[in-house]
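See below for the structure under consideration.
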Amino acid sequence: MRRIALLFLLFCYGCTAPDLEKINGVSFVASREPADLEHIEALRSVHAGYAAVMPFGFIREMGSPEIIFDTERQWFGETRQGARQYIDLLHKNGIRVMLKPQLWIWRGIFTGELEMTSEEDWKRLEWQYADFILTYAELAEATGVGLFCIGTELETFVKHRPAYWKWLIRNVRERYSGKLTYAANWDEYKRISFWQDLDLIGIDAYFPLSEARNPGVAELRAGWGRWKAEIEALQQTVDRPVLFTEFGYRSMDYTAKKPWLVDRNEEAVNLEAQANAKEALFEEFWSEDWFAGGFVWKWFIHHSRAGGPGDNRFTPQNKPAEGVIRDYFQKH
């Protein structure tokens with residue numbers, strides 16, 4: 001009888017424990033060359049349990065349905081071979097993976113604006129995108145990836161072709177047995193019609209929190225109030241955990257005013273503001289049982305030469321924000 005009871009407890013623990021564990025992840029940026037153990041050690045040092053691997057497909061111009069991917073002209077990490085090498089290395093070193101194939105439009109045009117001008121081009125885009133996504137869904141299955149992201153910030157595409165996205169999800173599930181999400185932009189996620197067809201609500205969490213030059217943690221936490229209430233309301237309606245498929249802040253003045261900015265503006269370096277914004281996000285979300293965790297944007301494989309005290313970009317590497325991440329990931 002005692003043995004049966006013990007087996008029952010072990011079974012229940014095995015079923016529930018993975019759902020209680022936060023996804024403490026980083027967005028592992030594709031590089032020109034393969035990754036090696038040295039690059040993984042930096043992830044271990046911040047107690048990251050997950051990494052997002054991000055192969056890319058390219059569109060030459062807005063309005064074009066042609067997607068170019070897995071070519072010799074791409075960087076190694078952007079290709080299928082590179083993604084597989086990264087995944088295998090991460091898995092061998094105990095780090096789980098979200099495979100997150102993404103599109104890049106020439107000159108960095110925002111992918112949310114991708115739109116075709118004819119029905120013929122829409123259909124062409126659909127087949128091209130299906131080829132791109134299903135190729136990587138098959139890779140995710142072959143490598144035992146636990147989480148797959150079917151798209152990133154494609155609001156206009158999603159809005160105009162809702163039936164296609166339902167079809168795509170069904171076809172991904174035929175090839176891949178893990179969990180699915182979609183990375184909706186912070187101002188897009190409430191309009192997604194297929195959350196209940198996925199396993200997690202994915203949000204790229206670049207919500208504006210403060211217009212101050214150097215906001216403190218308390219001010220930033222207050223800035224989350226409205227947004228957090230709206231996120232939780234959707235979570236309760238859809239009954240899916242929320243995952244921040246991307247979250248991050250630049251190490252610059254006014255970092256929480258428009259956190260999505262990726263331009264080359266020269267706002268002064270502000271390491272404290274970046275660290276404060278990270279801490280506020282962790283304090284607001286990591287204790288919520290409906291919140292699954294998230295992926296820091298972004299983490300370069302060459303840690304020793306990434307970021308640093310003179311850098312005003314997104315990476316937290318070699319900055320105080322890295323210490324904030326280490327502390328929270330270690331606690332959770």
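Basis for what follows: all heavy atoms, side chains included, without hydrogens, waters or symmetry-related copies. Numbering of residues begins at 1 and proceeds along the displayed sequence.
No side-chain donor-acceptor contact under 3.5 Å links Q235 to the backbone of W290. With S251 contributing its side chain and D311 its backbone, the two residues share a donor-acceptor pair below 3.5 Å. Side chain of N312 to main chain of E267: a donor-acceptor pair is present (N/O by atom type, distance under 3.5 Å, no hydrogens or angles). Judged purely by atom type and a 3.5 angstrom limit, T181 uses its side chain to pair as donor or acceptor with the backbone of L200. In this structure, the side chain of T111 engages the main chain of E153 through a donor-acceptor pair within 3.5 Å. Side-chain atoms of R250 do not come within 3.5 Å of backbone N or O of V269 as any donor-acceptor pair. Listed for the H39 side chain is a donor-acceptor partner under 3.5 Å among the backbone atoms of D36. Here the side chain of Q274 pairs a donor or acceptor atom with the backbone of Y249 at under 3.5 angstrom. Formation of a donor-acceptor pair under 3.5 Å by the N171 side chain with backbone atoms of L134 is not found in this model. Side chain of Q74 to main chain of T71: a donor-acceptor pair is present (N/O by atom type, distance under 3.5 Å, no hydrogens or angles).
Test W297, W186, Y206 against E246 for side-chain hydrogen bond (donor to acceptor under 3.5 Å, both in side chains) and you get one pass: Y206. A side chain to side chain contact (heavy atoms under 4.5 Å, CB included) with D70 is found for one member of E78, R80, Q81 and no other, namely R80. Evaluated for a side chain to side chain contact (heavy atoms under 4.5 Å, CB included) with F244, the options I201, I231, V296 yield exactly one hit, I231.
The shortest distance between side-chain heavy atoms of K331 and H47 does not fall below 4.5 Å. Looking at heavy atoms from C-beta onward, I23 lies out of side-chain contact with R96 at the 4.5 angstrom threshold. Looking at M62 and L114, their side chains come closer than 4.5 Å, going by heavy atoms from C-beta outward. Between W195 and T237 the shortest side-chain heavy-atom distance does not fall below 4.5 Å. At least one side-chain heavy atom of L147 sits under 4.5 Å from a side-chain heavy atom of L243. Taking 4.5 Å as the limit, every side-chain heavy atom of E284 sits out of range of all side-chain heavy atoms of F291. W260 is listed as a side-chain neighbour of K258, based on a closest heavy-atom distance under 4.5 Å. Inter-residue side-chain proximity for W75 and F56 is flagged as unmet; no heavy-atom pair is nearer than 4.5 Å.
The two residues L220 and A280 come nearest to each other via the heavy atoms CB-CB, 3.6 Å. Scanning both residues, P34 and I301, for their nearest heavy atoms gives O-CD1, 4.3 Å. Contact between T152 and K100 at its shortest, heavy atoms only, is OG1-CE, 3.6 Å. The minimum heavy-atom distance linking A51 with L43 is given by the pair CB-CD1, 4.5 Å. Looking at every heavy atom in both residues, P241 comes nearest to D199 through CD-O, 3.5 Å. Taking each heavy atom of Y86 and V29 in turn, the nearest pair found is CE2-O, 4.3 Å.
Electrostatic pairing of E322 and R326 counts as a salt bridge here, judged by a charged N lying under 4.0 Å from a carboxylate O. Between R124 and E66 there is a salt bridge, with a side-chain nitrogen of the basic residue lying less than 4.0 Å from a carboxylate oxygen of the acidic one. Under the 4.0 Å criterion applied to side-chain N and carboxylate O atoms, D327 and K278 are not assigned as salt-bridge partners.
Side-chain contact check for E188 and Y182: at least one donor-acceptor pair (N or O, by modelled atom type) lies under 3.5 Å. A donor-acceptor pair shorter than 3.5 Å can be found between the side chains of N214 and E272. No side-chain donor from either of T156 and E115 sits under 3.5 Å from a side-chain acceptor of the other. With hydrogens and angles left out, the side-chain atoms of N24 and W286 include a donor and acceptor closer than 3.5 Å.
Aromatic ring pairs are classed by plane angle as parallel below 30°, tilted from 30° to 60° and perpendicular above 60°; the pair F207 and W227 is tilted. Relative orientation of the F329 and F282 rings is perpendicular, given thresholds of 30° and 60° on the angle between their planes. Using cut-offs of 30° and 60° on the angle between ring planes, the pair F148 and Y176 is tilted. The aromatic rings of W299 and H303 lie parallel to each other, with less than 30° between the two planes, well short of the 60° mark.
The ring of F58 has its center no closer than 6.0 angstrom to the ring center of W106.
Following chains of ILVMFWY side-chain contacts shorter than 4.5 Å, one cannot reach I68 starting from L125, and the two form parts of different hydrophobic clusters. Cluster annotation: V262 is connected to L154 through the hydrophobic network of ILVMFWY side chains, with a link wherever side-chain heavy atoms come within less than 4.5 Å. A continuous path of Ile, Leu, Val, Met, Phe, Trp and Tyr side chains, each step under 4.5 Å between heavy atoms, connects W127 with L103, placing both in one hydrophobic cluster.
The CG atom of L99 sits 13.0 Å away from the CD1 atom of I150 when rounded to the nearest 0.5 Å.
Atom CZ of R44 sits in a crowded spot, with more than 12 heavy atoms from other residues, nucleotides or ligands closer than 6.0 Å.
F194 does not carry K166 over the face of its six-membered ring by the limits of under 6.0 Å from the centre and within 45° of the normal.
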For a ring-ring contact (aromatic ring centres under 6.0 Å, His included) check, start with the C-alpha distance between F285 and F247, then their side-chain angles and the critical distance, and finish with the verdict. CA-CA 12 Å; F285 288 95; F247 70 93; 9.4 Å; no
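Remark: K123 pairs with no residue by the side-chain hydrogen bond (donor to acceptor under 3.5 Å, both in side chains) rule, at least two apart or across chains.
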